[in-house]
K.L.:
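Once you've had a glance at the structure underneath, I'll fire off some questions.
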Amino acid sequence: MQILARKPGMPSPTSISLNDILSLSDSHDILAAADRCVMCGLCLPHCPTYRLLRNEADSPRGRIALMQALADGKLQPSAPLLEHLDRCLACRACERMCPSKVEYGKLIDITRSGLRHEGSLKPPRQLRLLLRSVTDIARLKRIAMALRTYQRSGLQWLARRSGLLKGLDLESLETLLPAIPETRRFHSHYPAQGMHRGSVGLFIGCIGSIMEGEIHTATIELLTRLGFEVHIPSTQGCCGSLHQHNGETDTARRLAARNHQAFAGLELDAIISTASGCAAQLFEYGSLYGGELTLPAPLLEVCDFLQQYWPEEAATLKVQHLRAALHLPCSQRNVLRRPDAMQQLLSRIPGLELEPLEGNDQCCGAAGSYMLTQPDNAAALRQLKVSAVAQQRPQLLLSNNIGCALHLAGGLKEQGIDIEVMHPVVLLAKSLQEHSRRTPA
């Protein structure tokens with residue numbers, strides 16, 4: 001991990017404390033937040049890195065103690081200390097189990113932000129490239145077009161076979177690169193079909209605007225069929241989650257302001273996100289950045305919205321008998337606190353045999369940028385999911401978060417397991433299309 005470099009000319013570690021930096025940036029007081037932790041240890045069995053590494057310093061209460069010591073100047077940034085903090089997935093499973101209601105997610109974000117300002121925390125090159133790219137959607141799409149050409153022209157095969165990528169900082173990023181689909185273009189407005197029931201906005205984000213074209217198409221089809229007109233503001237952009245969790249709080253705030261403004265002029269009943277990770281970040285805009293940046297309409301993950309409005313007559317919608325395993329992302333479970341939304345929606349489809357993926361209470365290791373910055377731990381956590389899939393042997397794996405889906409699909413492919421990873425709305429849309437073909441007009 002390249003997180004330890006101190007910029008030339010920076011003050012020595014003893015000349016400035018982390019708490020001094022945080023007080024200048026108007027952030028919450030780390031000491032006050034950390035003091036709420038009573039060190040009971042109830043969080044330990046629910047922390048993926050503690051379960052994996054069995055190191056107290058890689059547990060929530062261990063990291064809280066380190067952050068507390070950093071904030072009051074008892075410890076200074078060091079390579080081992082920063083590594084323990086950087087190993088945190090920010091999955092927030094500890095928050096759900098904490099009897100003292102410690103806001104661990106805010107605590108780790110604030111600490112990372114302070115360390116970035118102080119100069120101790122320096123992300124690796126591939127992460128810096130990703131963080132810069134997702135802030136500019138037009139540039140991101142140009143990069144995606146170039147990567148698609150690289151993949152389809154044979155250059156990727158040649159580069160990998162020749163060993164040209166060996167030793168490069170970007171090798172791990174290139175290895176994780178999924179097949180880039182052709183970018184789909186969307187209109188700013190799609191009218192409701194039949195009876196008009198309301199108006200919603202669709203958040204498509206940054207990576208999602210490239211990789212989730214099929215998912216967004218399916219979402220638009222389902223929403224308009226249910227009687228909702230769909231608005232897709234062209235001025236929206238990255239949700240800011242990657243920046244928020246990697247210490248770039250100022251950038252995350254600017255992205256939040258842009259998205260707030262993008263949806264502010266529309267009369268909406270809800271804003272829908274197809275990725276639970278983005279939904280979690282959008283949902284917390286107000287608590288993270290102030291009430292003025294709260295989105296102008298309620299934010300809902302798409303399955304949560306659909307299950308509330310799915311009509312009774314849709315019970316006739318059937319699929320040929322299909323066994324599917326349902327993966328539950330941390331953001332859906334621990335931040336949105338709606339763990340049953342997908343299950344409730346999909347259980348209404350006759351013919352679909354749905355079972356939770358074993359170990360749904362644990363992170364898959366994707367965790368936004370974690371699979372780039374901590375590839376060994378990410379791979380170990382993913383292997384637990386891949387082994388569960390191999391044991392359960394579903395015909396399909398369903399997940400509602402793009403990062404998790406790409407991470408899991410890569411692990412299944414690596415193990416030679418031919419099981420497709422699909423978003424629930426894509427399955428619903430395909431089932432609806434098949435039903436329409438079979439049903440006489």
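Along the sequence shown, residues are numbered consecutively beginning with 1. Just so it is clear, the structure is predicted and the values come from calculations on it, not from any experiment. These values consider heavy atoms only, across backbone and side chains, with no hydrogens, waters or symmetry-generated copies.
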K.L.:
Heavy-atom distance under 4.5 Å between the side chains of Ile64 and Tyr104, does that happen here?
P.N.:
yes
K.L.:
Check for a donor-acceptor pair, side chain of His216 on one end and backbone N or O of Glu212 on the other, with a separation under 3.5 Å.
P.N.:
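Yes.
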K.L.:
Kindly compute the distance separating CZ (Arg338) from CG (Leu328), expressed to the nearest 0.5 Å.
P.N.:
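Between atom CZ of Arg338 and atom CG of Leu328 there are 12.0 Å.
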K.L.:
Taking it one step at a time, do Arg61 and Cys94 satisfy side chain to side chain contact (heavy atoms under 4.5 Å, CB included)?
P.N.:
CA-CA 9 Å; Arg61 71 177 180 183; Cys94 54; over 6 Å; no
K.L.:
May I ask you to check whether over 12 heavy atoms, not counting those of Gln193, lie within 6.0 Å of atom CD?
P.N.:
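Yes, CD of Gln193 has more than 12 neighbouring heavy atoms, counting only those of other groups under 6.0 Å.
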K.L.:
Can a donor-acceptor pair be found between the side chains of Arg63 and Thr49 at a distance below 3.5 Å?
P.N.:
yes
K.L.:
Minimum heavy-atom separation for Cys239 and Tyr285, please, with both atom names.
P.N.:
O-OH, 2.8 Å
K.L.:
What distance do His260 atom NE2 and Leu293 atom CG have between them, rounded to the nearest 0.5 Å?
P.N.:
6.5 Å
K.L.:
Looking at Val102, is its backbone amide N or carbonyl O close enough to the side chain of Ser100 to form a donor-acceptor pair, meaning the two atoms are under 3.5 Å apart?
P.N.:
no
K.L.:
Are the side chain of Arg258 and the backbone N or O of Arg253 linked by a donor-acceptor pair below 3.5 Å?
P.N.:
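Checking the backbone N and O of Arg253 against the side chain of Arg258, no donor-acceptor pair under 3.5 Å is found.
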K.L.:
Starting from the C-alpha separation in whole Å, work towards a yes-or-no answer on side chain to side chain donor-acceptor pair (under 3.5 Å) for Glu56 and Ser59.
P.N.:
CA-CA 5 Å; Glu56 181 71 33; Ser59 73; 3.3 Å; yes
K.L.:
Between Thr373 and Asp86, does any side-chain donor sit less than 3.5 Å from a side-chain acceptor?
P.N.:
no
K.L.:
Using side chain to side chain contact (heavy atoms under 4.5 Å, CB included), reason through Asn400 and Val302 one step at a time and then give a plain yes or no.
P.N.:
CA-CA 9 Å; Asn400 69 333; Val302 63; 5.9 Å; no
K.L.:
Looking at CZ of Phe186 and CD1 of Ile220, how far apart are the two atoms once the value is rounded to the nearest 0.5 Å?
P.N.:
5.0 Å
K.L.:
Under a 3.5 Å distance rule, please check whether Glu301 uses its side chain to pair with a backbone N or O of Asp304 as donor and acceptor.
P.N.:
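Yes.
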K.L.:
Within the 3.5 Å criterion, strictly below it, is a donor on Thr251 or His243 matched to an acceptor on the partner's side chain?
P.N.:
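Their side chains do not contain a donor-acceptor pair, so the 3.5 Å distance test is not met.
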K.L.:
Minimum heavy-atom separation for Pro48 to Gln362, with atom names?
P.N.:
CA-OE1, 3.3 Å
K.L.:
Tell me, do Leu127 and Asn246 make a side-chain contact under 4.5 Å, heavy atoms counted?
P.N.:
yes
K.L.:
What are the two closest non-hydrogen atoms of Pro329 and Asn401, and how far apart are they?
P.N.:
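Where Pro329 meets Asn401 most closely, the heavy atoms are CG-CB, 3.7 Å.
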K.L.:
Kindly give the heavy-atom pair with the smallest separation between Ile137 and Cys238, and that separation in Å.
P.N.:
CD1-N, 4.2 Å
K.L.:
Counting N and O atoms only, with roles assigned by atom type, does the side chain of Asn259 sit under 3.5 Å from a partner on the main chain of Gly237, one being a donor and the other an acceptor?
P.N.:
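Yes; at least one donor-acceptor contact below 3.5 Å.
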K.L.:
To the nearest 0.5 Å, tell me how far Asp376 CG sits from Met371 CE.
P.N.:
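Reported value, rounded in 0.5 Å steps: 15.0 Å.
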K.L.:
Any side-chain heavy atom of His46 sitting closer than 4.5 Å to one from Arg51?
P.N.:
no
K.L.:
Could you give the distance from SG (Cys364) to NZ (Lys385), rounded to the nearest 0.5 Å?
P.N.:
6.5 Å
K.L.:
Contact between Glu353 and Gln395 at the side-chain level, heavy atoms closer than 4.5 Å - yes or no?
P.N.:
no
K.L.:
I'd like to know if the side chain of Gln392 reaches the main chain of Pro356, judged simply by a donor and an acceptor atom lying under 3.5 Å from each other, with no hydrogens or angles considered.
P.N.:
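Yes, the answer is positive, given that a donor and an acceptor are paired below the 3.5 Å cut-off.
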K.L.:
Show the numbers, then the answer: is there a side chain to side chain contact (heavy atoms under 4.5 Å, CB included) between Leu326 and Leu357?
P.N.:
CA-CA 5 Å; Leu326 185 61; Leu357 183 64; over 6 Å; no
K.L.:
If we ignore angles and hydrogens, is there a donor and acceptor under 3.5 Å between the side chains of His245 and Asp109?
P.N.:
yes
K.L.:
Which of parallel (below 30°), tilted (30 to 60°) and perpendicular (above 60°) describes His189 and His231?
P.N.:
tilted
K.L.:
Counting C-beta onward and ignoring hydrogens, is there a side-chain heavy-atom pair between Ile419 and Arg393 closer than 4.5 Å?
P.N.:
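Heavy-atom side-chain distance check passes, below 4.5 Å.
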K.L.:
Salt-bridge test for Arg116 and Glu248: reply yes if a basic N is under 4.0 Å from a carboxylate O, no otherwise.
P.N.:
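Salt bridge: yes.
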K.L.:
So do Leu42 and Cys98 actually touch side chain to side chain, heavy atoms under 4.5 Å?
P.N.:
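With C-beta onward as the side chain, the pair stays apart.
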K.L.:
Look at Arg333 together with Glu95 and state whether they make a salt bridge at an N to O cut-off of under 4.0 Å.
P.N.:
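Glu95 and Arg333: not salt-bridged.
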K.L.:
Indicate the atoms forming the closest heavy-atom contact of Leu202 with Pro233, along with that distance.
P.N.:
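That would be O-CD, 4.4 Å.
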K.L.:
Looking at Phe283, I want to see if its CZ is surrounded by more than 12 non-hydrogen atoms of other residues, nucleotides or ligands under 6.0 Å.
P.N.:
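Open: at most 12 neighbouring heavy atoms sit under 6.0 Å from CZ of Phe283.
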K.L.:
Can you find a heavy atom in the side chain of Leu85 that is under 4.5 Å from one in the side chain of Met67?
P.N.:
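Answer yes - side chains close enough.
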K.L.:
Taking atom CD of Glu292 as the centre, does the number of heavy atoms from other residues, nucleotides or ligands within less than 6.0 Å exceed 12?
P.N.:
yes
K.L.:
Could you walk me through whether Glu358 and Leu384 pass the side chain to side chain contact (heavy atoms under 4.5 Å, CB included) check?
P.N.:
CA-CA 9 Å; Glu358 185 180 344; Leu384 297 174; over 6 Å; no
K.L.:
Residues two or more places apart in sequence or in another chain: which of them pass ring pair (Phe, Tyr, Trp, His ring centres under 6.0 Å) with Phe263?
P.N.:
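Scan of Phe263 (ring pair (Phe, Tyr, Trp, His ring centres under 6.0 Å), adjacent residues dropped) gives none.
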K.L.:
Ignoring hydrogens and angles, tell me if any N or O in the side chain of His423 forms a donor-acceptor pair with the backbone of Thr274 under 3.5 Å.
P.N.:
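Pair found, side chain donor or acceptor close to backbone of Thr274.
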K.L.:
Show your reasoning for whether side chain to side chain donor-acceptor pair (under 3.5 Å) applies to Gln391 and Ser387.
P.N.:
CA-CA 6 Å; Gln391 183 175 3; Ser387 297; over 6 Å; no
K.L.:
Salt bridge or not for Arg323 and Glu355, using N-O below 4.0 Å?
P.N.:
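Looking at Arg323 and Glu355, the cut-off is met.
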K.L.:
Between the main-chain N or O of Arg139 and the side-chain N or O of Asp136, is there a donor-acceptor pair closer than 3.5 Å?
P.N.:
yes
K.L.:
Is there a donor-acceptor pair closer than 3.5 Å between any side-chain N or O of Tyr370 and the backbone N or O of Ala90?
P.N.:
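Pair absent, no side-chain N/O of Tyr370 close to backbone of Ala90.
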K.L.:
Enter the distance from Arg92:CZ to Ile108:CD1 here, rounded to the nearest 0.5 Å.
P.N.:
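Separation between the atoms: 12.0 Å.
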K.L.:
Ignoring hydrogens, what is the shortest heavy-atom contact between Cys363 and Leu381? Give both atom names and the distance.
P.N.:
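For Cys363 versus Leu381, the nearest heavy atoms are O-CB, 3.9 Å.
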K.L.:
Between Thr217 and Glu221, is any side-chain donor less than 3.5 angstrom from a side-chain acceptor?
P.N.:
no
K.L.:
For residues Val426 and Thr219, determine if any side-chain heavy atom of one lies less than 4.5 Å from a side-chain heavy atom of the other.
P.N.:
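No - every pair of side-chain heavy atoms lies 4.5 Å or more apart.
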K.L.:
Donor-acceptor check, side chain of Gln308 to backbone of Phe305, threshold 3.5 angstrom: yes or no?
P.N.:
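Pair absent, no side-chain N/O of Gln308 close to backbone of Phe305.
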